[in-house]
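What follows is a set of notes on a single structure, which appears directly below.
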Protein chains: 2
Amino acid sequence: MQNEEQSSTEVKIFEAAREVFQSKGLEGARMQEIADKAEINKSMLHYYYRSKEKLFEKVYQLSIIKLIPQIAGLLNEDLPLEAKLRNFAIKYLELIKLNPDIPLFVLHEMNKNPGRLKTFMLNEVGKKIQPFLNQIQEEREKGNTVDLPVEQIMVNIISLLIFPFIGRQVLQVILNIDDSEFDQFIEERIKYLPDYLVKITLDKNSL
Amino acid sequence: MQNEEQSSTEVKIFEAAREVFQSKGLEGARMQEIADKAEINKSMLHYYYRSKEKLFEKVYQLSIIKLIPQIAGLLNEDLPLEAKLRNFAIKYLELIKLNPDIPLFVLHEMNKNPGRLKTFMLNEVGKKIQPFLNQIQEEREKGNTVDLPVEQIMVNIISLLIFPFIGRQVLQVILNIDDSEFDQFIEERIKYLPDYLVKITLDKNSL
DNA sequence: ACTAAATTTAACCATACGGTTAGATTTTGT
DNA sequence: ACAAAATCTAACCGTATGGTTAAATTTAGT
């Protein structure tokens, strides 16, 4: 057994695998490419992770597991809805900015194989969002939100927060902007979106 | 040469390929699976389309080409902005409802290989959206829109229209709804979204 | 210092998968 | 009716790729 600096092989493999799987998908990824990126012998992949499936599964699940508690945390702070929503938007954007490849990765893999992760996520995510939905519902009944079903409100929020990261390549093409212009675009978005989300969901005048 | 009923082999292959490529992606798709789905001998795939690459390219490009003129058409009708936006939302939702797998398919493939389609799409899409952006810009300068850069407005619109189709699997999990409930969810969304989009982008009171 | 375990390497294996081929069958044109 | 072309089948091929193995090297424990 080794530690500190040395123990990096297993981690290096994981990091390389994460990069490759997230950009190429399960079947698009090549074990050799992962090994090259990690700068280790291909056999090491199997030494530490048995198989491509197993390695993928680790990357896939950790991609999600890592995010869930952070997101769930934001939704369960004890704050009035408006503050909570604004806070959620800010922190969620920060989070996703640090992990911009995860959403499309997860979406594509779930689409290919809905069964792989479903039950696992059900308990982890679904339940944690429920209190937030309830809180929206309460405010809605008091007439403090836009007059839409809470699920629609939730999906509107998620859509606006997440889509630009998923659709980056297409957006860059149709808006004809390069990487750095896109980054600017995101920065701009981070500035106004929290307030905008509050407005379009909590301001009853907006609909 | 054959026609009518007979000429179906080539078409059957294409349709099968479309289904498989769109749900599994280029490398996730198996030629045998496509052949099975089309109920033909695997050699037929190569007889009609030479290679997996070529077949994929056809599916990929046609997935997009088919949609571009329809979408572009919606954006270039001679209508006041509000009517155009509402019309766009309605028709776009209809269109995407008929082709719900295309957005995620295209996004994933563009992400894996941004070069494959970029220049081709640049000319086709980018230019066609420009007049719409200009029209928004004009109204914005008159103070008739929300005070955001036109690109942000455009992305907000696209996000709200398209994300539910891309994120279907994840949404079903976190909202804990089945296929038919999701379809209901979409129907509900189709009803309110056009008006909602107009409100949140054209009503200056909304921000 | 010595041994045993952990880690790494290079060379090899098995096979899934994309692709080919030769020939059968069907269709088309005259 | 016949030949030529188009369409289709089954059987096969080559190789990329995931995976294995045996032996070398490094590390850890005493």
Side-chain angles (χ1 to χ4, degrees), chain A residues 1-63 105 108-109 112-113 115-116, chain B residues 1-63 105 108-109 112-113 115-116:
Chain A
M1 182 101 68
Q2 45 188 36
N3 39 13
E4 57 175 276
E5 189 53 33
Q6 324 287 47
S7 89
S8 55
T9 296
E10 187 169 357
V11 173
K12 269 162 59 185
I13 291 173
F14 183 84
E15 285 306 310
R18 201 170 48 75
E19 281 183 50
V20 177
F21 281 135
Q22 283 183 4
S23 77
K24 306 281 186 73
L26 169 57
E27 12 274 310
R30 294 289 94 104
M31 293 297 265
Q32 190 59 58
E33 188 184 353
I34 294 171
D36 291 348
K37 183 156 280 183
E39 296 177 296
I40 47 88
N41 188 290
K42 183 163 72 82
S43 300
M44 291 290 89
L45 302 180
H46 296 95
Y47 180 73
Y48 285 107
Y49 296 95
R50 303 251 323 154
S51 70
K52 187 184 187 184
E53 269 294 309
K54 292 260 172 48
L55 177 54
F56 172 80
E57 207 76 26
K58 276 252 164 66
V59 169
Y60 188 38
Q61 298 209 354
L62 253 76
S63 294
F105 170 60
H108 175 248
E109 295 300 336
K112 254 181 17 195
N113 187 345
R116 176 167 243 142
Chain B
M1 182 97 71
Q2 45 187 34
N3 40 13
E4 57 174 278
E5 189 54 32
Q6 324 288 48
S7 89
S8 53
T9 296
E10 188 168 356
V11 173
K12 270 162 57 184
I13 291 174
F14 184 85
E15 285 306 310
R18 202 171 47 76
E19 281 184 51
V20 176
F21 281 134
Q22 284 183 4
S23 78
K24 306 281 186 72
L26 169 56
E27 13 273 310
R30 295 289 94 105
M31 293 298 265
Q32 190 59 58
E33 188 184 351
I34 294 171
D36 291 347
K37 183 155 279 182
E39 295 178 297
I40 46 88
N41 187 291
K42 184 163 71 83
S43 300
M44 291 292 91
L45 302 181
H46 297 93
Y47 181 73
Y48 286 106
Y49 297 93
R50 304 248 330 151
S51 71
K52 187 184 187 183
E53 265 300 302
K54 291 260 174 47
L55 177 54
F56 172 80
E57 208 75 26
K58 276 253 164 65
V59 169
Y60 188 38
Q61 298 209 354
L62 253 76
S63 293
F105 169 62
H108 175 248
E109 296 299 335
K112 253 180 19 195
N113 188 346
R116 176 167 243 139

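First the proteins, then the strands, lettered A, B, ... as listed; each starts at 1. Note that this is a predicted model, so its numbers are computed, not measured.
Considering A:R18, A:E109, A:E15 as possible partners of A:V59, the one that fulfils the side chain to side chain contact (heavy atoms under 4.5 Å, CB included) test is A:R18.
Looking at B:Q32 and B:D36, their side chains do bring a donor and an acceptor atom within 3.5 Å of each other.
Not a single salt bridge (Lys or Arg N to Asp or Glu O under 4.0 Å) links B:R50 to another residue, sequence neighbours left out. Listed by chain and number, the residues in a side-chain contact (heavy atoms from CB on, under 4.5 Å) with B:R30 are B:E33, B:K52 (sequence neighbours excluded).
Going from atom CG of B:D36 over to atom C1' of C:dG18 covers 15 Å, rounded to whole Å. We find that CE of B:M44 is positioned 13 Å from P of C:dT20, with the value rounded to whole Å. Between A:L45 atom CG and C:dT8 atom C1' there is a gap of 12 Å when expressed in whole angstrom units. Atom NZ of A:K12 is separated from atom P of C:dT7 by 14 Å (rounded to the nearest Å). Regarding B:E39, its CD atom lies at a distance of 16 Å from the C1' atom of D:dT9, rounded to whole Å. Distance CD1 (B:I13) to C1' (D:dA6): 14 Å, rounded to an integer number of Å.
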*Apply the test side-chain contact (heavy atoms from CB on, under 4.5 Å) to residues B:Y48 and B:K58: give CA-CA distance (whole Å), side-chain angles for both, the deciding distance (0.1 Å), then the verdict.*
CA-CA 12 Å; B:Y48 286 106; B:K58 276 253 164 65; over 6 Å; no
*Output, in order, the C-alpha distance, side-chain angles, deciding distance and verdict of side-chain contact (heavy atoms from CB on, under 4.5 Å) for B:Y60 and B:F21.*
CA-CA 8 Å; B:Y60 188 38; B:F21 281 134; over 6 Å; no
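Taking side-chain N and O atoms only, B:Y47 has no distance below 4.0 Å to OP1 or OP2 of C:dG19.
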Produce the list of close N/O pairs, under 3.5 Å, pairing protein atoms with atoms of nucleotides 16-23 of chain D; give distances to one decimal.
from, atom 1, to, atom 2, distance (Å)
D:dT17, OP1, A:R30, NH1, 3.1
D:dG18, OP1, A:A29, O, 3.4
D:dG18, OP1, A:R30, NE, 3.3
D:dG18, OP1, A:K52, NZ, 3.1
D:dG18, OP2, A:M31, N, 3.0
D:dG18, N7, A:K42, NZ, 3.4
D:dG19, OP2, A:H46, NE2, 3.4
D:dG19, OP2, A:K52, N, 2.6
D:dG19, N7, A:K42, NZ, 2.7
D:dG19, O6, A:K42, NZ, 2.8
D:dT20, O4, A:S43, OG, 3.1

